[in-house]
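Reviewing the structure listed below.
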Amino acid sequence: MTINAPAKINLFLDILGKLDNGYHSLFMVMQTVSLYDEIEVEKRDDGKIFILCDVPGVPTDEKNTAYKAAKYFFEKTGIKSGVTIKIQKNIPHEAGLAGGSTDAAGVLKLLNEVYETDLREEKLCEIGLKVGSDVPFCIVGGTCLCQNTGGVISKLKPIKKSFVVLAKPEMGVSTPKAYADADKAYIYHPDCIRMLDCCEKGDFDGICRYAGNVFEQVVEVPERVEIKRIMNENNCSLCQMSGSGPTIFGLFENKEDAEKAKEEIKKVCSRVYLCETV
Ligand code: C5P
């Protein structure tokens, strides 16, 4: 059984504070986009979880989010079985696009089908949150408000269909370090009240005006200025970093503008994708 597991972008990301468990309470507006990893699962009789991935450098052991998802699924359901998980990666990893989280979400959805366990979305999200903060959103998808450490999810009105250019600079970002740097910095907080109001009203211009990502204040991505310049020159409605970076996304109303931006960004950045909001 196979599934397409989509990437996400953050239209809004604010860190509200640090919790006693060391994690951070967040206020995020997340959006699914049409760049997909392909996941295939097959039952095994030997009780082992076996990961195959077409991209070198992605861990295939218990550190892989898909492995963790399968392990927690079997623990939660008490099913004594194993599984082979094949992952064809199209989403760049460690990019701020939830590449690992969406694989975990895809595995949970597939196992729920394959083993006919009929777990409700909430239960899958509960298991998913043990794997990573973005997994519950990846299970629900669309346009959502995600709070606390990612487990409190409210569906929002879908935003206006847009073309999305994703530009992934070479550098990798350590998410724990990004949070630690945010703890040390004085953070200017974007306006979550106005953002949410615009989401409720379906006010796309307002969403673009009040969007924000506090990680842009602490994660330095050298190519960001040039990528944003190109996106802005090609009439993007919004350009912003996704998650803890380094990927910069641009939303475009017009496909030709998005294509032009993509071609120009290729001169500064080797990995550029054109997709759409889902
Ligand atoms: O859950 P996820 O894999 O996205 O988290 C990676 C790391 O980011 C965590 O180990 C933690 O250091 C940090 N984090 C955090 N607060 C969150 C989410 C992540 O401090 N809400």
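Just follow the structure's listing: the first ligand is 1, and inside any ligand the first atom is 1.
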Short side-chain to backbone donor-acceptor contact, [X] and [Y], under 3.5 Å:
| X | Y | value |
| --- | --- | --- |
| Gln240 | Asn10 | yes |
| Lys161 | Thr277 | yes |
| Asn234 | Ile230 | yes |

Step through it carefully: locate the ring centre of Tyr186, locate the ring centre of Tyr188, and say whether they are under 6.0 Å apart.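 Ring-ring flag for Tyr186/Tyr188: true, centres closer than 6.0 Å.
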
So, do Phe215 and Tyr179 have ring centers that fall under 6.0 Å from each other?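 Ring centres of Tyr179 and Phe215 closer than 6.0 Å.
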
Please determine which of Lys89, Lys68, Lys86 meets the salt bridge (Lys or Arg N to Asp or Glu O under 4.0 Å) test together with Asp103.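 Single pass found, and it is Lys89.
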
Heavy-atom contacts with ligand 1 below 4.0 Å: which residues, ordered by chain and residue number? Gly22, Tyr23, His24, Leu26, Gly132, Ser133, Thr149, Thr175, Pro176, Tyr179

